[in-house]
Amino acid sequence: MNIEVFELERTQSLWENTVSYNLTETGIHPFNLSELLTGEERDHLIKTRLGYGQTNGSIELRDAISEMYEGTDRDQIMVTNGSIEANFITLWTLLEAGDELVLMLPNYMQLFGAARAFGVKVTPFYLREDLGWQPDLDELRGIVTSRTKMIAVCNPNNPTGAILNGTAMEEIVQLARDAGAWLYADEIYRGAEFDRRETPSFYGRYDKTIVAGGLSKAYALPGLRIGWLVGPHDVIAETWKRRDYTTITTPILSNEIAAIVLRPDRRARILERNRNILNENLPLLTEWADSHPGLFSFVPPLAGGMVFLRYNLELNSTELVTRIRKEKSTFIVAGDCFGMDHRLRIGIGSEKEYLRAGLERISESLSEMR
Ligand SMILES: Cc1ncc(COP(=O)(O)O)c(C=O)c1O
């Protein structure tokens, strides 16, 4: 099977650990265990036997996740190795060659590339900057047909940080319902909202809905590699069947930690810390962009540790980020990774001084170029 390069992940894998300032991350400065757990909890981890654990996720963890989605039980939850596995396994379970996937763009490009490799026809619908990164609903109505097998969204969205408004959510649900299509929502940035109001989930609005969540972004714990799927019992059972062929299980220690993290009081504290970081850093990025008059414009993000900027230079985005990386050892993502040249994605979830220093390096590079 041929598969196109997943540019976004590939360039990050190649360079993120080689630079002084990596501003490609869309999550928030990760926790370490001493910040996250009590001494007693750490002691419990040390004594945990490093067995396989339960392959679809520990009961305690699935119960904790199911608590967050009203009306679900633990058998509607599949714990995955990051949300990336949740996305992959859903695609593999529900779509086959010749099916049509109507996919929100711009997006984390995993589903785009993987679906095409499976022979799925990917029909994009676009978030539009002139609509504040909302979709044009008339356009969307013309795209979803009875041939559509799945509509997939990323909400809150990577790379724009946009959140679908209520009308757009309702319309997407209605279109899926009318087409009898699956509705798949990657909701990994839920919980990382600047205004501290949790984005409503698509889950529970329509019986053919599956959502993905995870601890990598809003919870600042990507190293645990914990994601999840929530869906109808039969779909989750089917994903488990495929799981037996892929990674068997998620690490037992990650299950233990995740179950603690998702206790309501702990969860609230974590999200609070993370939203504070984002709210401190966005003004820094905005001031920095404003200090380059006429160069940058962007719609302020509503969630997630990233800003998606348009820049006013003749230079191609891959060339621009390559120059900044080589000259200033600072790494940001080119709009080309999303098929949108003349844009940059800059991660704003890191520690403030690190972000400030990285942005200064970018400024130096820009003024040398000009
Ligand atoms: C929208 C989206 N989904 C999934 C992933 C993969 O996340 P994870 O680290 O949980 O596998 C990412 C990572 O950037 C993402 O942006």
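The structure displayed is predicted, hence computed values, not measured ones. Order of appearance sets the numbers: ligands from 1, and atoms from 1 within every ligand.
Residues T199 and E193 bring a donor and an acceptor atom of their side chains to less than 3.5 Å of each other. Y69 and W228 form a side-chain donor-acceptor contact under 3.5 Å, judged by distance and modelled atom types alone. Checking T93 against E238 by side-chain atom types alone, no donor-acceptor pair falls below 3.5 Å. In the model, T24 has a side-chain atom that pairs as donor or acceptor with a side-chain atom of Q12 under 3.5 Å.
Cluster partners of F331, by chain and number: L14, W15, V19. The rule joins Ile, Leu, Val, Met, Phe, Trp and Tyr whenever side-chain heavy atoms lie under 4.5 Å apart.
In this pair, Y311 and H342 present their aromatic rings tilted. The plane angle is within the 30 to 60° band.
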What does the N/O contact table under 3.5 Å look like for ligand 1?
unit_1   : atom_1 : unit_2 : atom_2 : d
ligand 1 : 3 (N)  : D186   : OD2    : 2.6
ligand 1 : 9 (O)  : S216   : OG     : 2.9
ligand 1 : 9 (O)  : R225   : NH1    : 2.8
ligand 1 : 9 (O)  : R225   : NH2    : 3.4
ligand 1 : 10 (O) : S83    : N      : 2.8
ligand 1 : 10 (O) : S83    : OG     : 3.3
ligand 1 : 10 (O) : S216   : OG     : 2.8
ligand 1 : 11 (O) : S83    : N      : 3.1
ligand 1 : 11 (O) : I84    : N      : 3.0
ligand 1 : 11 (O) : R225   : NH2    : 2.8
ligand 1 : 14 (O) : K217   : NZ     : 2.9
ligand 1 : 16 (O) : N158   : ND2    : 2.8
ligand 1 : 16 (O) : Y189   : OH     : 2.7

